[in-house]
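Here the structure is a predicted model, which is why all the values come from computation and not from measurement. In what follows, every chain begins at residue 1, and chains take the letters A, B, ... in the order their sequences are listed.
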2 protein chains.
Amino acid sequence: MNNNRFSVSLHILTLLATAGDELLSSEYIAGSININPVLVRKELSNLRKHGMIETREGKAGGSILAKPAKQILLSDVYTAVRQVPLLGQNKNEPNPSCPVGKQINKHLDDLYTDVEKTLMQKLGKTSLFDFVKQFK
Amino acid sequence: MNNNRFSVSLHILTLLATAGDELLSSEYIAGSININPVLVRKELSNLRKHGMIETREGKAGGSILAKPAKQILLSDVYTAVRQVPLLGQNKNEPNPSCPVGKQINKHLDDLYTDVEKTLMQKLGKTSLFDFVKQFK
DNA sequence: TGTACTGTAATATTATTTGTTACAGTATGA
DNA sequence: TCATACTGTAACAAATAATATTACAGTACA
């Protein structure tokens, strides 16, 4: 993951958490992050799919957290934006006639799976509530 | 890091570890990984800079581990290829007039630093020797 | 029924990663 | 001493991925 999606998603969730029961528009959120509103709507769409937010359409519409910030873990955010394994997506096709090449992808996959499990455990210790309460 | 450099570097080191005191050419290594020899030389150059390998130039030249595989940790490999923080490089420039936007980059940086520390601890538990001994 | 939103497709732009070509430098050994 | 087989690295090209933009249909409110 070389993109900014984790940062963007966490920024969105932080804004929603501090907004309480007020609906925030994608325009407003985009203004805080300083990116395009369509990108925000795409991330909102993804967060909604993962059950973290709810959206009301139409005039005076906008988004809101779907559950208390204490119940949203940073590992949930990571899962929502994750596309490829952390350390590389193993797109190499090593030479199968080389004893190392033949086996390495399996061992790399095992390693990456293991490392990501550690990452998830770490991120699972912090909730959105914990993250947001640092803001003063 | 959305690239393949960790995989490539670990593949190179695995080959060198199994080659013992034999020098391996970039051409040979590239053949096992199935990528361009120049890319291999670039990674070799980086690994050399980080003290993990040594290279002999000229005819019959090639590369070899600079120290025992037990003394090369996967965290060393990560450090060598790392360019940007794990979860995003925070290239956003949030709106400073928004209370969340004003502070979020600092909190994201803190979080990413903390998470990477955990990753390093995890990777530091496995040496190149441990990784290579899985190969049969 | 106009207005202010959302959702999403399609496309364009920009950035990053990977691959290639080219060539100078170095050590070996016939 | 010179052909050979390597390395090192710069410069450029191509491919891929991330981000931004435009456009427009759908929805709900007042």
* Sequence neighbours left out, what pairs pass salt bridge (Lys or Arg N to Asp or Glu O under 4.0 Å) with at least one residue falling in residues 17-37 of chain B? => none
* Please give, in whole Å, the distance from C:dT3 C1' to A:E27 CD? -> 14 Å
* Roughly, in whole Å, what's the span from CD1 in A:I33 to P in D:dT19? -> 12 Å
* To do: Classify the nucleic acid contact of B:S63 as base, sugar-phosphate or nothing, counting any heavy atom under 4.0 Å across all strands shown.
  => nothing
* What residues form a side chain to side chain contact (heavy atoms under 4.5 Å, CB included) with B:D130, not counting sequence neighbours? -> B:T126, B:S127, B:K133
* **Phosphate contact (D:dG8 OP1 or OP2) by B:R48 side-chain N/O below 4.0 Å** => yes
* **Between D:dT7 (P) and B:I53 (CD1): distance, integer Å** => 10 Å
* To the nearest 10 degrees, how far apart in direction are the end axes of the helix from C:dT1-D:dA30 to C:dA30-D:dT1, each fit to five base pairs? -> 10°
* **All side chain to side chain contact (heavy atoms under 4.5 Å, CB included) counterparts of A:E57, not counting sequence neighbours** => none
* **Any side-chain heavy-atom pair of A:S63 and A:L24 under 4.5 Å** => no
* **Residue B:K117 excluded, over 12 heavy atoms near NZ under 6.0 Å** => no
* Determine yes or no for a side-chain-to-main-chain donor-acceptor pair under 3.5 angstrom, with A:Q134 supplying the side chain and A:F131 the backbone. => yes
* Is it true that B:L39 and B:F6 fall in one hydrophobic cluster, defined by side-chain heavy atoms closer than 4.5 Å? -> yes
* Asked: Can you tell me how far C1' of C:dT17 sits from CZ of B:R5, to the nearest Å?
  -> 11 Å
* Asked: Is the backbone of A:D109 close enough, under 3.5 Å, to the side chain of A:T113 for a donor and an acceptor to pair up by distance?
  -> yes
* For atom CZ of B:R56 and atom P of D:dA5, their distance in whole Å -> 16 Å
* Passes side chain to side chain donor-acceptor pair (under 3.5 Å), A:H11 versus A:S32? Steps please. -> CA-CA 9 Å; A:H11 194 145; A:S32 169; 2.9 Å; yes
* Asked: Where the side chain of B:T18 meets the backbone of B:T14, is there a donor-acceptor pair that is under 3.5 Å apart?
  -> yes
* Asked: In the 5'-to-3' direction, what one-character label does each nucleotide of nucleotides 20-27 of chain D receive under the scheme B = base within less than 4.0 Å of a protein heavy atom, S = sugar-phosphate only, - = no such atom?
  -> BBB----B
* Nearest-Å distance, CG (A:N46) to C1' (C:dT8)? -> 14 Å
* Scan residues 9-25 of chain B against DNA chain D and write down, sorted by residue number, each residue with any heavy atom closer than 4.0 Å; if none is found, say none. => B:S25
* Structure fact -> Rounded to whole Å, the CD-P distance (B:E43 to D:dT9) equals 13 Å
* **d(CG, A:L47; C1', C:dT6) in whole Å** => 15 Å
* Asked: Hey, is NZ on A:K102 packed in by over 12 heavy atoms from elsewhere, all under 6.0 Å?
  -> no
* Below 4.0 Å: OP1/OP2 of D:dT7 and any side-chain N or O of B:S26 -> yes
